[in-house]
Amino acid sequence: MKKDLLSMIDLRDEVALLLDMAGNIKEWLRTGQTYGPLRGKTLGMIFEKSSTRTRVSFEVGMTQLGGHAIFLSPRDMQMGRGETVADTARTLSRYVDAIVYRAFDWKVVRELAEHATVPVINALDNREHPCQIMADLLTIRERRGSFEGLKLAYVGDGNNVCNSLLLGSAFVGMNMTAACPKGHHPDPELLEYAVHAGRENRCKIEVVEDPRQAAEEADVLYTDVWVSMGEESQKEEKERLFGPYQVNSSLLACAKSSCMVLHCLPAHRGLEITDDVIDGPQSFVFDQAENRLHAQKAILARLVG
Ligand code: CP
Ligand code: NVA
């Protein structure tokens, strides 16, 4: 049976295995060993929204795995003229070996997966961003060796990245405190799932409103944009409300001196994060961006290979 990656929950029992695979795949690339399990395979990629990292890392990843990727914009497809998601899924399944989809509405990714006979991978929707979180976990594990006893503080909007990060942290047994303003908390259903999974894995998953409380003694300080793609109309209101949630040197000083700073990028410098912090010695945001490639190659090899 085909396996989809729609939510971080789909990886619940596979995170450790995928991180090991990603670490090996990264090392093989570094040492010039060929790893081509997807020879002759094609990935179809549909992006309703802009992308730099996700698009390029999936395309390059497919090439390195011996396969090929096709970038599809709904604007140029018949979907843009009203062909249904279901018919698009059925048709593409006759040509490609897997579909990557970036959507405004998470229900569309589910609908596509329901009608596709090949694996569907969520490349970000309004609820989750699981591929990002696999790269984040890989980056943390590379630097810290394991997740045991670590505290990740997420400060900012309770958005798609935050939702998947709560789940991912719970699955690897890493404590996570998210600080989000009232009215911008993470998805309650996903949070509840993460809190339960965290309990089983002996880690604490919580949401607070005070950014300093979250950052206190943190090993990882993570933020993302305040205004996600598709939310542009909330820009002014959010920029007013989120000021105290900026990741700057004063907030970083609350964390451990060894704290790593992460951001999924793209960053809005001077808003959710200051230049001195994102460009500072504690920032690993470009390692994190690089790891999108290695983590996704592991996902592709597992789901499509
Ligand atoms: N972090 C991330 O998904 O970046 P892109 O929007 O550039 O793909
Ligand atoms: N939360 C952001 C992530 C971008 C990678 C957005 O959805 O726009």
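Atoms within each ligand, like the ligands themselves, are counted from 1 in listed order.
- No salt bridge links E216 with K256; every basic N to acidic carboxylate O contact stays at or beyond 4.0 Å.
- P266 is listed as a side-chain neighbour of R53, based on a closest heavy-atom distance under 4.5 Å.
- Not a single donor-acceptor pair under 3.5 Å links the side chain of K3 to the backbone N or O of V304.
- Of the charged side-chain nitrogens involved, at least one lies within less than 4.0 Å of a carboxylate oxygen, so that K238 and E231 count as a salt-bridged pair.
- Comment: E111 does not engage K107 in a salt bridge, judged by the lack of any side-chain N to carboxylate O separation of less than 4.0 angstrom.
- Residue K49 has no nitrogen or oxygen atom sitting less than 3.5 Å from a nitrogen or oxygen atom of ligand 2, judged on distance alone.
- Contact check for L152 versus I140: side-chain heavy atoms found under the 4.5 Å cut-off.
- Side chains of V261 and I273 form a contact here, defined as non-hydrogen atoms less than 4.5 Å apart.
- Listed by atom number, the atoms of ligand 1 under 4.0 Å from H129 heavy atoms are 2 (C), 3 (O).
- For D224, a nitrogen or oxygen atom sits less than 3.5 Å from a nitrogen or oxygen atom of ligand 2, counting backbone and side chain alike.
- Applying the 4.0 Å criterion to heavy atoms of C264 picks out, from ligand 1, the atoms 1 (N).
- The part of L265 lying near ligand 2 is the backbone, judged by heavy-atom distances below 4.0 Å.
- Looking at heavy atoms from C-beta onward, R302 lies in side-chain contact with L17 at the 4.5 angstrom threshold.
- For a threshold of 3.5 Å applied to N or O pairs, the pair formed by M229 and ligand 2 contains at least one separation below that value.
- Between V161 and Y222 the shortest side-chain heavy-atom distance falls below 4.5 Å.
- With a heavy-atom cut-off of 4.0 Å, T54 does not touch ligand 2 at all.
- With ligand atoms numbered from 1 in the order given, ligand 1 contributes 5 (P), 7 (O), 8 (O) to contacts under 4.0 Å with heavy atoms of T52.
- By the 4.5 Å heavy-atom criterion applied to side chains, R55 and R102 are not counted as neighbours.
- When heavy-atom distances to ligand 2 are checked against a 4.0 Å cut-off, D157 has no atom that comes that close, whether in backbone or side chain.
- Close contacts of ligand 2 with N159, meaning ligand atoms under 4.0 Å from a residue heavy atom, involve 1 (N).
- Atoms of ligand 2 found under 4.0 Å from any heavy atom of L124, numbered from 1 in the order shown, are 3 (C), 4 (C), 5 (C), 7 (O).
- Using a 3.5 Å distance cut-off with no hydrogens or angles, the side chains of N291 and E142 do pair a donor with an acceptor.
- For K49, the closest heavy-atom approach to ligand 1 does not fall below 4.0 Å.
- For ligand 2, one of its N or O atoms has an N or O atom of N160 under 3.5 Å away.
- Counting heavy atoms closer than 4.0 Å to ligand 1, residue R102 contributes side-chain atoms (C-beta onward) but none from N, CA, C or O.
- Counting protein heavy atoms only, atom 4 (O) of ligand 1 is closest to R53 NE, 2.9 Å.
- Closest to atom 2 (C) of ligand 1, if we only count protein heavy atoms, is R292 NH1, 3.3 Å.
- Using a 4.0 angstrom heavy-atom cutoff, L265 counts as in contact with ligand 1.
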